[in-house]
Amino acid sequence: MLEITELVAGYGRSDVLHGVSLTVPEDGVVCVLGHNGAAKSTLLRAVLGLIRPSGGRVRLDGRDVTRLPAHRKVRAGLAYVPQGQQSFPQLTALENLRLVADGRGRDGAHALDEALDLFPALRELAGRRAGLLSGGQRQQLAIARALITRPRLLLLDEPTEGIQPSVVAEIQRTILELAGRGGLSVLLVEQHIDFALRAAQRYHVLEAGRITSTGEGGEAARDRVREALTV
Amino acid sequence: MTVILSQSFTGISIGAVLLLIALGLSLTFGQMGVINMAHGEFIMAGAYTVYVVQKSIDSAGTSLLISLPLAFLVAGAMGVLLEWLLIRRLYARPLDTLLVTWGVSLMLQQLARDIFGAPNVNAQAPSWLSGRITLVDGEHSLTLAHSRLFILGLAIAAVVALTLTLRRTSLGRRIRAVVQHRDLAEASGIATGRVDRITFFIGSGLAGLAGVALTLVGPIGPTMGTNIIIDAFLVIVVGGIGQLRGAVIAAFALGVLQAVMEYSTTVSVARVTVLVAIVAFLQWRPQGIYTLRTRSLA
């Protein structure tokens with residue numbers, strides 16, 4: 001489904017991602033683990049096209065989409081939930097969702113309803129400005145917004161970072177449920193090792209912009225990953 | 001009392017012109033953060049549109065009604081061209097944008113001189129706008145010029161139309177989203193470049209409408225936009241960057257203050273007083289009348 005080959009990207013003239021290669025299979029969940037500053041977010045931003053890669057290739061279903069602008073990649077089936085519970089702060093929660101649903105014609109209203117069913121709390125907060133929501137609520141809003149595009153591949157950047165524990169559990173449950181449904185592949189960037197390995201069939205450890213360790217997911221991989229991250 | 005009311009009305013009509021100009025700026029400067037020094041020349045383009053239309057249509061009333069949408073389109077198209085050619089390459093470079101658009105402003109002024117000549121020209125106001133309404137008769141009569149009432153109506157209509165577009169339409173949601181978080185908008189499937197161009201079209205088109213309004217109260221000349229654009233920037237800063245409500249209040253407040261001070265002192269003293277009042281206000285409230293209220297700016 002997604003094939004990343006020797007991807008190089010960075011900011012200005014400094015590359016921070018140095019030739020990363022990985023694949024995400026159809027209906028598969030792949031996680032990328034690493035410390036702060038390992039270039040995990042840069043990887044996702046480069047895959048989506050928010051940063052223009054200076055080298056390498058991104059292929060979606062065999063088609064080269066490396067140079068495609070982000071909004072066209074979204075139309076091609078990618079969706080992105082950025083780090084930090086990002087929203088459009090002056091738009092209401094409902095406007096945040098309608099914004100995406102508007103572009104989907106008749107299916108938009110249906111997709112919006114489905115997203116609200118997934119996070120019922122958002123129904124009650126529909127009229128509140130996103131900037132006034134709590135971190136957990138904003139993260140639910142961000143995931144709902146991404147799902148309205150009916151993606152085939154979801155790019156999740158540290159979805160549980162900086163959120164109160166009660167909501168973390170709910171978000172983790174939702175991600176596992178989504179991944180288990182079929183029809184959706186996930187590239188998950190996480191620092192939360194236990195959750196990431198539980199969700200993913202394959203993991204990659206990223207350090208200073210390079211993949212240093214790769215293996216099968218699952219709880220059995222926990223010690224190997226911890227060791228890789230400690231070195 | 002009538003004098004104060006009369007001056008207040010004059011101030012409100014000055015504020016209405018400022019508001020029309022500031023509405024366009026509230027999109028391009030207030031919301032997109034682009035300091036477009038050529039915005040004044042879009043006002044000039046709108047005003048010259050009236051002049052050109054009147055050359056081909058004798059009826060001043062018909063030509064004014066035709067000029068309103070036409071000026072919007074002409075100025076809007078100029079804005080889109082400017083955005084596409086230059087500004088989109090300079091979004092993260094405000095100082096470069098300021099200098100480049102200032103250069104464009106000078107070029108457009110010269111172009112107007114080459115086409116229409118250096119001296120100011122006049123557009124004829126329709127007969128139905130040349131009268132006055134007298135509200136209080138007698139020694140202290142209060143009269144309101146039709147042309148100024150028309151400008152006030154035009155400004156109110158523009159505010160209502162812009163507010164409805166931004167609040168109630170899909171396009172408005174997209175514009176606000178791109179303004180608030182460009183990357184997230186792009187990542188949500190919105191073609192941000194296209195939205196930028198549409199926003200610039202609307203903002204510049206509103207400047208064209210302001211140009212039409214100005215032909216009703218003054219002459220048309222190559223520097224007419226430059227003379228008023230700084231006041232419009234002040235309206236946006238005082239109102240609060242990107243805040244439409246703030247722009248409305250600031251435009252009328254500055255207009256009334258200017259008119260009342262002009263009556264009791266001189267034009268120069270009034271001008272200085274307004275600027276001092278703005279400086280004092282911004283010392284007290286640097287963010288302007290209205291500001292963004294969030295738990296997080298993310």
Side-chain angles (χ1 to χ4, degrees), chain A residues 12 41 44-45 47-51 69-92 94-105 108 128-135 137-139 141-142 144-151 155 157 162, chain B residues 26-27 30-33 84 88-89 91-93 162-199 239-247 287-288 290-298:
Chain A
S41 298
L44 293 193
R45 289 172 66 81
V47 167
L48 190 69
L50 292 174
I51 301 171
H71 71 269
R72 289 187 59 193
K73 281 192 187 134
V74 172
R75 281 176 210 164
L78 256 68
Y80 172 55
V81 178
Q83 188 181 21
Q85 310 104 39
Q86 296 182 29
S87 64
F88 301 103
Q90 278 193 298
L91 267 60
T92 64
L94 185 61
E95 283 177 326
N96 265 267
L97 301 176
R98 282 188 68 187
L99 177 74
V100 186
D102 284 343
R104 299 198 54 82
R128 190 175 295 181
R129 281 191 186 179
L132 300 175
L133 300 179
S134 71
Q137 291 163 343
R138 278 206 310 275
Q139 188 64 305
L141 185 64
R145 194 176 49 232
L147 292 175
I148 289 176
T149 62
R150 295 201 187 282
L155 308 174
D157 193 351
Chain B
S26 77
L27 286 174
Q31 305 231 14
M32 295 174 76
W84 182 71
R88 74 185 167 119
R89 301 166 209 280
Y91 272 124
R93 295 150 60 186
L162 187 60
T163 306
L164 288 178
T165 303
L166 288 176
R167 297 270 157 208
R168 308 273 172 182
T169 68
S170 164
L171 171 65
R173 278 192 288 276
R174 275 183 283 148
I175 289 175
R176 287 190 291 149
V178 172
V179 162
Q180 287 168 45
H181 201 322
R182 175 174 294 274
D183 273 3
L184 188 59
E186 182 75 25
S188 302
I190 296 168
T192 53
R194 190 155 168 259
V195 173
D196 286 339
R197 235 144 284 150
I198 295 172
T199 309
I241 305 289
Q243 300 295 313
L244 212 56
R245 280 179 304 174
Q287 72 275 33
Y290 283 103
T291 185
L292 185 70
R293 191 168 61 94
T294 63
R295 277 166 94 163
S296 156
L297 282 173

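Just so it is clear: chains get the letters A, B, ... in the order the sequence lines come, proteins before strands, and each one is counted from 1. Because the structure is predicted, anything quoted here is derived from the model rather than measured.
- Note on B/S170, B/G193, B/G189: by heavy-atom pairs under 4.5 Å with chain A, the leading option is B/G189.
- Contact between B/R167 and A/E95 at its shortest, heavy atoms only, is O-OE2, 3.9 Å.
- Minimum interatomic distance between B/A177 and A/L99 (heavy atoms only, all atoms of both residues): CB-CD2, 3.5 Å.
- For the atom pair CG (A/L97) and CZ (B/R173), the distance works out to 10.5 Å, reported to the nearest 0.5 Å.
- Residues passing the side chain to side chain donor-acceptor pair (under 3.5 Å) test with A/S41 are A/Q83, A/D157, sequence neighbours excluded.
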**OP:** Would you sort out whether A/R45 and B/D183 count as a side-chain contact (heavy atoms from CB on, under 4.5 Å), showing the intermediate values?
**Re:** CA-CA 10 Å; A/R45 289 172 66 81; B/D183 273 3; 2.8 Å; yes

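- Note that the OG atom of A/S87 and the NE2 atom of B/H181 stand 8.0 Å from one another [nearest 0.5 Å].
- Within 6.0 Å of CZ on B/R88 lie more than 12 heavy atoms contributed by other residues, nucleotides or ligands.
- For the pair B/A187 and A/L50, the tightest heavy-atom approach, listed with the atom from each and the gap, is CB-CD1, 4.2 Å.
- Note: A/L91 leads A/V81, A/L91, A/L48, A/N96 in heavy-atom pairs under 4.5 Å with chain B.
- A/P69 touches chain B through backbone and side chain together, each having a heavy atom under 4.5 Å away.
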**OP:** Any chance you could lay out the side-chain contact (heavy atoms from CB on, under 4.5 Å) test for B/L184 and A/R145, step after step, and finish with the verdict?
**Re:** CA-CA 11 Å; B/L184 188 59; A/R145 194 176 49 232; 3.4 Å; yes

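- Identified under the salt bridge (charged side-chain N to carboxylate O under 4.0 Å, His left out) test for residues 71-91 of chain A, with sequence neighbours left out: none.
- Residues B/E186 and A/H71 come closest through the heavy atom pair OE2-ND1, 2.6 Å.
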